[in-house]
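The block underneath contains the structure these notes are about, expressed in structure tokens.
Since this is a predicted model, take the numbers as computed values, not measurements.
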Amino acid sequence: QVQLVESGGGLVQTGGSLRLSCAASGRAFSPYAMGWFRQAPGKEREFVAGITWRLGSTWYVDSLKDRFTVSRDNAKNTMVLRMDRLKPEDTAVYYCNIVQGFWDNTVIGSWGQGTQVIVSS
């Protein structure tokens, strides 16, 4: 059973940056792709960014691709989301998960606790 643990969230001012991490543990970890998602208060969870594990190919929701960068460290079984020029509307709980494939955001893993990001105006 693979466990995914998100970390790195916090309180940041508008225009600031944060670096979120997603650490995978458990059995041998070799997904095809991983993704970041977020859920803002009162809203449904939405896809943010994804990355293929072997080649590191990335894809993003259009509205975030200029400010967010996803990367991974295969040796450490860790995926990172770098968020720059943060806005209050980025406030949400951020989650990571295993997804079906490149440009396929279908979740095929279990959700973790997420990490809270709060952007103050």
Side-chain angles (χ1 to χ4, degrees):
Q1 183 81 19
V2 173
Q3 289 187 324
L4 302 173
V5 179
E6 304 91 344
S7 62
L11 175 63
V12 63
Q13 291 186 335
T14 296
S17 298
L18 279 176
R19 181 180 182 273
L20 307 184
S21 292
C22 170
S25 61
R27 60 176 173 83
F29 186 71
S30 183
Y32 184 81
M34 296 281 294
W36 282 101
F37 299 77
R38 70 183 183 182
Q39 186 167 19
K43 296 186 177 182
E44 293 187 354
R45 187 149 38 197
E46 62 177 356
F47 172 79
V48 171
I51 187 166
T52 61
W53 207 246
R54 186 172 68 89
L55 295 180
S57 301
T58 60
W59 69 103
Y60 301 87
V61 64
D62 278 348
S63 60
L64 299 176
K65 63 183 179 181
D66 293 333
R67 298 189 295 118
F68 288 15
T69 303
V70 61
S71 61
R72 88 275 185 256
D73 185 331
N74 301 57
K76 296 181 179 179
N77 284 349
T78 299
M79 178 175 63
V80 171
L81 183 68
R82 170 77 180 188
M83 306 186 296
D84 295 313
R85 303 191 304 280
L86 283 162
K87 305 176 181 180
E89 51 263 43
D90 295 319
T91 294
V93 179
Y94 284 72
Y95 302 87
C96 62
N97 214 321
I98 303 169
V99 296
Q100 188 71 40
F102 189 51
W103 283 104
D104 184 346
N105 306 330
T106 305
V107 170
I108 57 175
S110 299
W111 294 108
Q113 295 298 311
T115 186
Q116 175 75 61
V117 171
I118 299 174
V119 184
S120 63
S121 57

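A distance of 12.0 Å separates OG1 of Thr78 from CZ of Arg72, quoted to the nearest 0.5 Å. Rounded to the nearest 0.5 Å, atoms NZ (Lys65) and CH2 (Trp59) are 15.0 Å apart. The distance from atom CD of Gln13 to atom OG of Ser121, rounded to the nearest 0.5 Å, is 9.5 Å. Interatomic distance, CG of Leu11 versus CG of Leu18, reported as 9.0 Å (0.5 Å rounding). Atom CG in Asn97 sits 11.0 Å away from atom CG in Asn105 (nearest 0.5 Å). Note that OG1 of Thr91 and CD of Gln116 are 7.5 Å apart. Values are rounded to the nearest 0.5 Å.
Nearest heavy atom pair, residue Tyr94 against residue Ala92, reads CD1-O, 3.4 Å. Closest approach of Tyr60 to Ala49, counting heavy atoms only: CD2-CB, 3.4 Å. Contact detail for Glu6 and Gln113: the closest heavy-atom pair is OE1-N, 3.6 Å.
Both Phe47 and Val107 are assigned to one and the same hydrophobic cluster, defined by single-linkage of ILVMFWY side chains at heavy-atom distances under 4.5 Å. When the side chains of ILVMFWY residues are joined at heavy-atom separations under 4.5 Å, either directly or via intervening members, Val5 and Val70 end up in two distinct hydrophobic clusters. No continuous path of hydrophobic side-chain contacts links Val80 to Leu86 [ILVMFWY only; heavy atoms under 4.5 Å].
Within the 3.5 Å criterion, the main-chain N or O of Phe102 finds no donor-acceptor partner in the side chain of Thr52.
Counting heavy atoms from C-beta on, the side chains of Leu4 and Met34 come closer than 4.5 Å. Between Ile98 and Trp53, every side-chain heavy-atom pair lies at or beyond the 4.5 Å cut-off. Contact of the Leu20 side chain with the Met83 side chain is registered, since non-hydrogen atoms from C-beta on lie closer than 4.5 Å. With contacts defined as side-chain heavy-atom distances shorter than 4.5 Å, the pair Thr14/Pro88 qualifies. Taking the side chain as every heavy atom from C-beta outward, Asp90 and Leu64 approach each other to under 4.5 Å. With a 4.5 Å cut-off on side-chain heavy atoms, Glu46 and Arg38 count as touching.
For CD of Gln3, the number of neighbouring non-hydrogen atoms (other residues, nucleotides, ligands) closer than 6.0 Å is 12 at most.
Under the side chain to side chain donor-acceptor pair (under 3.5 Å) criterion, Ser17 pairs with Asp84, sequence neighbours left out.
Looking at Arg85 and Asp66, no side-chain N of the basic residue comes within less than 4.0 Å of a carboxylate O on the acidic one, giving no salt bridge.
Taking the six-membered ring where the residue is Trp, Tyr95 and Trp111 present perpendicular rings, their angle passing 60° and hence far from 30°.
Ring centroids of Phe68 and Trp36 are separated by 6.0 Å or more, keeping the two rings apart.
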